[in-house]
Every structure is written in structure tokens, then in C-alpha cells.
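The structure under discussion appears below in the form of C-alpha cells.
Hydrogens, waters and symmetry mates are skipped; everything else that's a heavy atom, side chains included, is used. Order of the sequence lines sets the chain letters (A, B, ...), proteins ahead of strands, with each chain counted from 1.
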Number of protein chains: 2
Amino acid sequence: MVSTFAPQGAGDLNFLKKLNRSSILATVRRYPGATRADIAARTQLTKATVGGVVQALLERGWLREGELQPRGGGRPGRALYLDDTHHVLLGADIGVRGLRIVACTLGGEVLMQRCVTEAPTTPEETAVRLAAMLRAMRDDPIIAERHCLGLGVTVPGPVSPEQPILRLAPNLGWVDVAFLEVLRPYLPEFDGIWLLDNEANAAAFGEFYFHDGIPPESIVYISAASGIGSGLVTGDNYPLVPRGMQGLVGEIGHTIVQPGGLYCHCGNRGCAETLVSGWAIRAALGIDDAENLVTAITARGDDAEVDATLRRAGEALGTLMLNLHHTLNPAMMVLGGSLMRLGLPLVTPALAYFEAHQNDLLRGTQRVPIKVIHDSTFTAARGAAAEVMAKAALEA
Amino acid sequence: MVSTFAPQGAGDLNFLKKLNRSSILATVRRYPGATRADIAARTQLTKATVGGVVQALLERGWLREGELQPRGGGRPGRALYLDDTHHVLLGADIGVRGLRIVACTLGGEVLMQRCVTEAPTTPEETAVRLAAMLRAMRDDPIIAERHCLGLGVTVPGPVSPEQPILRLAPNLGWVDVAFLEVLRPYLPEFDGIWLLDNEANAAAFGEFYFHDGIPPESIVYISAASGIGSGLVTGDNYPLVPRGMQGLVGEIGHTIVQPGGLYCHCGNRGCAETLVSGWAIRAALGIDDAENLVTAITARGDDAEVDATLRRAGEALGTLMLNLHHTLNPAMMVLGGSLMRLGLPLVTPALAYFEAHQNDLLRGTQRVPIKVIHDSTFTAARGAAAEVMAKAALEA
DNA sequence: TTCACTTAGTTAAATCTGTTAACTAAGCGC
DNA sequence: GCGCTTAGTTAACAGATTTAACTAAGTGAA
């Protein structure tokens with residue numbers, strides 16, 4: 001059920017080395033400016049081990065040394081940071097309404113981003129277009145001078161946990177597409193890591209991995225767009241991403257929140273998607289599929305029907321958040337997806353509902369922080385880049 | 001968010017040794033009768049390493065050798081099994097309606113079980129009673145001759161992920177109880193591992209860990225009793241048990257499946273517990289809290305009101321299963337808890353609802369197998385014993 | 001200024017781990 | 001009896017972290 005970047009089970013000395021290298025790298029990522037001594041204290045490794053590994057990572061361009069960190073009454077330590085100058089991570093997001101690509105540094109800083117808003121057609125045509133975008137980006141001088149660690153691609157549907165195959169993307173009409181194999185012939189010179197993941201999983205991973213400050217111990221990301229999905233990430237140095245037996249983890253759009261409610265395209269009644277998805281809102285307001293949802297809604301101005309629809313959708317989203325909270329109890333929740341561009345009329349009722357109902361089980365404990373990403377255009381692509389880095393860190 | 005029996009992060013050579021030992025032990029547990037060569041093939045360790053570790057485990061009484069396993073045209077290998085004769089694992093379950101204790105072998109075979117059906121009162125009184133039961137069991141000749149690896153205790157409420165503290169057990173009226181500390185003075189001679197866990201988590205763990213045959217890669221256990229909760233286990237050799245930031249993972253009784261429905265004691269409306277818990281069924285049928293629910297219901301015989309209530313409850317349970325399936329996508333679901341003793345009138349509608357709705361996302365994939373435990377009196381206690389073993393296997 | 005003290009980081013020897021490669025063991029089939 | 005195959009053990013080896021001693025670089029007080 002769990003797919004992870006850290007191997008499970010047995011291992012040899014080489015595995016131990018990788019584990020420790022990755023752990024040290026993770027410590028620097030989470031605590032920028034940490035010294036070798038800080039790392040040793042945190043990882044429980046000895047100074048000697050840390051020193052050796054850090055030396056190797058400095059030479060390979062993964063880490064750089066910074067200023068001296070004064071220590072009370074002793075020799076100051078040398079601050080360490082991820083080296084943002086030598087490598088580049090590529091991420092691509094195949095969305096229902098367009099393609100987005102991103103290039104970023106080891107620290108998650110976006111160096112360049114590009115998007116087209118034409119909806120993908122067939123896998124082949126999409127691969128051709130995506131390859132052109134990626135090659136153009138990579139050939140840009142800013143990117144070309146760096147070593148590319150790999151490419152991560154996200155898709156709007158469940159991916160098989162065993163193989164990089166998109167199982168089903170109802171909104172694209174794709175079934176069982178091994179997209180990396182379709183794409184690879186068009187980008188033969190792209191070596192390094194290639195990976196495929198679900199859009200919400202990757203977004204969740206990125207929010208966790210590139211979190212500013214000390215990251216929470218777990219994150220649930222809710223992606224509200226044409227459909228609705230969620231991603232879960234947890235773990236310390238080696239983020240764990242549960243995907244499920246069939247890759248269906250996070251298909252929360254089809255959890256039932258209103259028994260006997262509207263019929264969903266999945267065949268059931270009262271699925272969350274009948275209340276809080278792009279197509280549900282379109283259906284409720286009679287907005288054509290060709291129109292841009294956000295512009296169509298803002299064009300209506302102050303409209304009681306719009307307000308009521310978005311409030312209902314927001315409350316359903318709040319219910320979903322509440323149910324995820326009671327099922328997964330994450331340390332942080334992140335709201336993203338194109339629907340977030342509808343802004344406060346949708347978000348306020350969701351947060352209000354969640355706030356009003358969340359904390360009745362354990363009184364007096366801290367509330368779950370919620371982050372709203374109002375423009376998550378590149379969130380999934382950046383998350384895919386984060387996944388590339390996590391994998392590369394183990395292989396480095 | 002995740003609590004695991006396998007350490008995360010960095011490690012030294014000793015850690016690697018433990019990891020491999022535990023991995024080898026897990027292989028024998030999952031594939032009884034495996035030979036050293038089988039283990040080597042499966043763990044990717046060399047024959048030499050496996051040979052050495054197996055030798056040590058044989059000497060410590062964790063493994064025993066069995067018959068020769070004929071190999072096609074070569075020297076037969078020696079079958080290996082968990083040694084069920086030297087050790088004993090103790091598990092205790094503090095339930096709303098009584099105490100259950102169990103002693104079992106490394107293979108999960110129950111050597112002895114005891115229960116009392118008086119409801120627990122205060123933590124102190126409960127500790128006194130539980131200590132007496134455990135000491136009596138341990139002093140029995142069958143148990144006394146074995147080496148006790150430890151004691152696991154389960155409670156009907158969320159346990160803090162950091163410390164062994166029961167946060168809240170509404171049905172017991174307990175808040176923030178460090179039960180192991182309360183119990184320890186009454187059992188000073190019990191050394192080894194002590195651990196405290198939520199009842200559904202432990203039950204899930206046990207079903208996973210002691211699963212007959214090759215275990216599924218993940219299990220969701222649904223505990224339907226006075227309240228309703230769930231436990232999730234996943235992972236290969238080192239089962240991972242997510243507990244959540246506040247230990248609230250699996251509080252599915254308070255997921256909302258009927259917005260605007262009945263008021264729940266948690267303050268919200270339409271929680272699953274308002275439909276499928278012991279107290280909800282009592283309330284619907286006017287059965288007093290002092291009566292035994294199962295006998296009260298069977299006493300009514302063929303009663304349309306009972307049938308309708310149980311059918312409604314069953315369908316709510318099916319909804320819950322469906323929602324868990326779409327959120328966690330486990331490889332197997334297990335239904336347990338005292339409510340299962342109500343039998344087919346409750347279970348049939350639940351399974352029917354789930355079957356009818358489950359597989360609409362990915363057609364043509366295998367269905368999720370469901371196991372119903374009709375009498376789960378000792379399931380949680382046995383699960384706690386399993387957790388003791390998992391921990392001991394790493395420390396062995 | 002000097003000296004004691006503290007903390008950071010490096011180095012070389014020691015220890016422990018799994019691996020390699022050669023070996024023995026034990027069965028099958030011709 | 002021989003060749004072949006697979007299981008398992010052994011000793012030399014390579015590689016990883018640790019240990020312990022060392023150097024480096026600051027603070028603060030006499």
C-alpha cells in the first residue's frame with residue numbers, strides 16, 4: 001500500500017551508506033544552515049561519519065558551505081546549505097486544461113515555468129507537445145548549464161503502484177497509459193530519473209518536501225479541480241506516500257457525503273464530486289464546458305445563485321476536510337487545485353465549516369493548520385520535481 | 001504521523017544488523033517453511049549473511065528447523081519455522097464492557113485467554129484487576145516455563161503518538177491516562193516490552209502480522225462496538241501504523257456520512273456513530289445500557305423494527321467501508337468489534353452495499369477481499385501481543 | 001597576554017557488517 | 001559411479017561506522 005523513496009526490508013553496507021547520506025541531506029534541507037555538529041546531533045551519527053559524507057556531498061555539488069555559526073564559547077561551526085547552483089529538477093503536469101512544466105533547484109526554488117492552456121488530446125500528441133516544451137526549457141542557458149537530475153510527470157488520475165502506468169484519467173479519456181514510455185522516444189537525450197505520479201500525490205509531496213521552515217510531520221493535500229483528489233505524505237527523512245493496492249489512495253472525490261444525493265459519473269450517488277468539483281459547479285450554474293469557470297463566475301458578479309452554489313460546495317469541501325482529519329489526522333492540510341481560484345466565496349465556507357466542527361474530539365489540543373494555495377498552477381509540477389530530488393538523493 | 005516499528009532516518013552498523021535480522025524473521029513469519037536459500041532470494045541478502053543470522057536466531061529460540069524441503073535435482077534445504085515453544089507474548093484489552101487478556105506464541109497461536117465482563121471503573125481499579133488476571137495467567141505452568149517478551153495493552157480511545165498515554169476514552173470516562181505507569185507498580189516483576197495502543201490499531205496490526213498465508217500489503221480494520229474506529233497497517237517487513245498528529249487516525253466514527261443527521265455526542269451532526277454504533281442501535285431500539293445488546297436483540301426475535309434498524313446501520317457501515325476504500329485503498333478490509341455478533345442482519349447489508357458500489361472507478365481490477373470476524377473478543381489483545389513481537393524482533 | 005575551557009571538525013586505528021569465492025553437503029538422473 | 005544441481009558453511013575481503021586522539025577556533029577570566 002505504501003510506496004516510498006526509502007527501501008524497506010534488508011540491506012547491505014551500501015544501502016546503509018545511502019540511507020545515511022540521504023538522511024544528512026534531509027537534515028540540511030529541513031534545517032538550512034545546520035553545521036556538521038548539528039547534523040550529527042540530529043541524526044545520531046558520529047561527527048566522523050557526518051564529516052565524511054558532507055565532504056563527498058560538497059564535492060558533488062549537492063551542498064555548499066556558508067558562514068560561520070557562532071557557538072557559545074567554542075569554535076564556530078560552518079553552516080551548510082543545499083547547493084542551488086549545480087543541479088536542476090524538471091517537473092511536468094498534464095492537467096485537464098493544459099500542460100505545465102517547471103524547472104527548479106534542490107531547494108525547491110522555481111527557476112523557470114511554462115504553461116499552455118490547450119487541453120491534452122491523445123497521449124502521443126501530448127507527448128509531442130510536452131517534449132517540445134521541455135526541450136525548449138532545457139536548452140535555455142539558465143537551465144542548460146546545470147546538471148539535470150531527472151523529470152517527474154504528473155497526471156490527473158490514479159497511477160499503478162507497481163509500474164509507472166496511468167490507470168484511468170476520466171477527464172482526459174485515457175486508460176492504462178504508460179506515459180513515460182510514450183514520452184521517452186521524443187526526449188532520448190533526457191537521462192536521469194524519470195517518474196510518473198498522480199497530480200495530488202505529487203503536489204502533496206512537494207508541499208511537504210519543499211516546505212518553508214521545519215516541515216510538519218505529515219501533510220494532506222486536497223486538490224479541487226475538475227475532479228477532486230487528495231494526497232498524503234508522512235515520514236521524516238524519507239517521505240512515505242501511500243498509494244494503495246490499486247493506486248486509488250486519495251480518490252476522495254468519490255467518498256459519499258450525501259447518501260441518496262445526486263448521481264455521480266462513477267455510478268454512485270452523493271459522491272463529494274457531485275458537490276465540490278469543477279463539473280458539479282458548472283452543472284449547478286449551467287456553465288458550458290468550453291468556458292473558463294473562473295471568468296464565467298466572476299462575469300456574473302453578485303449573484304445569489306452563484307453564492308449559494310459556492311457556499312454549498314465550500315461546505316461540502318469542509319465536510320471532506322473534516323472526514324480526512326478524522327481518518328488521517330494529518331499535522332497540516334493544504335488546499336489547492338484550480339477551484340481555489342474561485343476565492344473566498346468557496347474557501348470561507350469550507351474553512352468555517354471545518355473550524356466549527358474540527359476539534360470536538362480532543363479538547364485543548366492544537367488545531368490543524370490549513371494552507372490555502374490560491375494559485376496552484378505549478379504546484380503539481382513542482383511536486384514532481386521534488387519527487388525526482390528525493391529519489392536522486394538516495395542514488396547520489 | 002506515522003509510528004512504526006522500524007526506525008527511520010540514519011543508522012549505524014548495529015541498526016543494519018537489526019534491520020536484516022528483523023527482515024529475515026519477517027520472511028519466515030510470512031513464508032513458514034522457507035529455507036535459508038529462500039530467505040536469501042527474497043531478502044536479497046547473501047547466503048552467508050542469512051546463514052549467520054539464522055544460526056543466531058536458532059540459538060536464541062526464535063527459529064526452529066523443520067523437515068527437508070526437496071529441491072529439483074539438488075540438495076534439499078532445511079525448512080525454517082518460528083519457534084513456538086520458548087517465548088510467550090502477552091496482550092490485554094481494556095474494553096468498555098470488560099477486560100480481555102491473551103497469551104500467545106510467536107506465530108500468533110493463542111495459548112491461553114481470559115476475560116471478565118465487568119466494565120472498567122477507574123484506571124487504578126482496572127490496573128489492580130488486570131494485574132491479578134495477568135499474574136494468574138503468567139503463573140500457569142504452560143506460560144511460566146516460557147520467556148515472556150512483553151506486554152501490550154489496548155484501550156478504547158486515541159493514544160498519543162509520542163507517549164504511551166490514552167488521550168480520551170469517552171465510553172470509560174478516562175482522560176489523559178498513562179495507563180502503563182498506573183499498571184506497572186502492580187506488576188513489578190513483568191519485564192520486557194511494555195506498550196499501549198488504541199484497540200483498533202492493535203487489532204489491525206494483529207490481523208496483518210498474524211495473517212494466515214501470505215499477508216496482504218495493507219489492511220484496514222474496522223472496529224464496530226460501542227463506538228466505531230479503524231486501524232490501518234501497511235508495509236512489508238516492518239509494518240507501519242499511522243497514528244496521526246494527535247493519535248486520531250481512524251476516528252472514522254466521527255466522519256460525517258449524513259449531513260444534517262442526528263446529533264452525535266461529539267457535538268456534530270450525522271457522524272457515522274449516530275448510525276452504526278452500539279449506542280446508536282440501543283437508542284434506536286430503546287435498549288437499556290445495562291442490557292447486553294446481542295441478547296436483547298435476539299430476544300426480540302423476528303421484529304421489523306430491529307431488521308430495519310440493523311439494515312440501516314449495516315448500510316451506513318457499508319458507506320464507511322466505501323469511503324475508507326476510496327481514501328486508503330487497502331488490499332484487505334477486516335470487520336470486527338462486538339457489533340459483529342449481531343450477525344447477518346447487520347453484516348449482509350453492509351457487504352451488499354459495499355459490493356454494489358465499490359468497484360466503479362477502475363473496472364476489471366480485483367475486488368478488495370473482506371474478512372468478517374464474528375467473534376472478535378480477543379482480537380485486540382492478540383494484536384497487542386503482535387505489536388510486542390514486532391518490537392521484540394528488532395531488539396532481539 | 002595567557003590560560004583554561006568549550007565546541008567544531010579531522011584523522012587513523014579498531015570494530016563490525018555484509019560480500020565474495022571457494023568449499024563441502026546432499027540430492028537427482030543417466 | 002559420474003555429472004549436474006542446489007543448499008549451506010567457511011575464511012579472506014571490502015566497506016561502513018565508531019572510537020579516541022588530535023587539531024582548530026572561538027570565549028572569558030585571571
Worksheet entry | B/S/- contact track for nucleotides 19-30 of chain C, protein heavy atom under 4.0 Å | BB----BBBS--
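Note on B:Asn20: only backbone sugar-phosphate atoms sit closer than 4.0 angstrom, heavy atoms only; bases stay farther off.
The CG-P distance, from B:Leu19 to D:dA16, rounds to 17 Å in whole Å. Between the CD atom of B:Glu67 and the C1' atom of D:dA7 there is a distance of 15 Å, rounded to whole Å. In this structure, A:Gln69 places its CD atom 22 Å from P of D:dA24, rounding to the nearest Å. With rounding to whole Å, B:Lys17 atom NZ is found 16 Å from D:dG15 atom C1'. C:dT10 atom C1' lies 14 Å from atom CG of A:Leu58, rounded to whole Å. If you measure from atom NZ of B:Lys18 to atom C1' of C:dG18, you get 18 Å, rounded to the nearest angstrom. A straight line from CG of B:Leu80 to C1' of D:dA7 spans 12 Å, rounded to a whole angstrom. The nearest whole Å value for the distance from the CZ atom in A:Arg21 to the C1' atom in D:dG15 is 13 Å.
Side chain to side chain, A:Asp38 and A:Thr35 meet the donor-acceptor criterion of an N or O pair below 3.5 Å.
Ring geometry for A:Trp194 versus A:Phe190: interplanar angle over 60°, hence perpendicular rather than tilted (30 to 60°).
Enclosure of atom CD1 in B:Ile142 is not indicated, since only 12 or fewer non-hydrogen atoms of other residues, nucleotides or ligands lie within 6.0 angstrom.
Using a 4.5 Å heavy-atom cutoff, the side chains of B:Arg30 and B:Pro215 are in contact. The closest side-chain heavy-atom distance from B:Arg243 to B:Asp197 is below 4.5 Å.
Formation of a donor-acceptor pair under 3.5 Å by the B:Ser160 side chain with backbone atoms of B:Pro164 is not found in this model.
Two residues, A:Asn14 and B:Arg78, neighbour DNA chain D, and the one matched to the more 5' nucleotide by heavy-atom proximity is B:Arg78.
Nearest to the side-chain atoms of B:Leu16 among the listed nucleotides D:dT17, C:dG18, D:dG8 stands C:dG18.
Because its NZ or CZ atom is not both nearer than 6.0 Å to the ring centre of A:Phe210 and within 45° of the ring axis, A:Arg382 does not count as a cation-pi partner of that residue.
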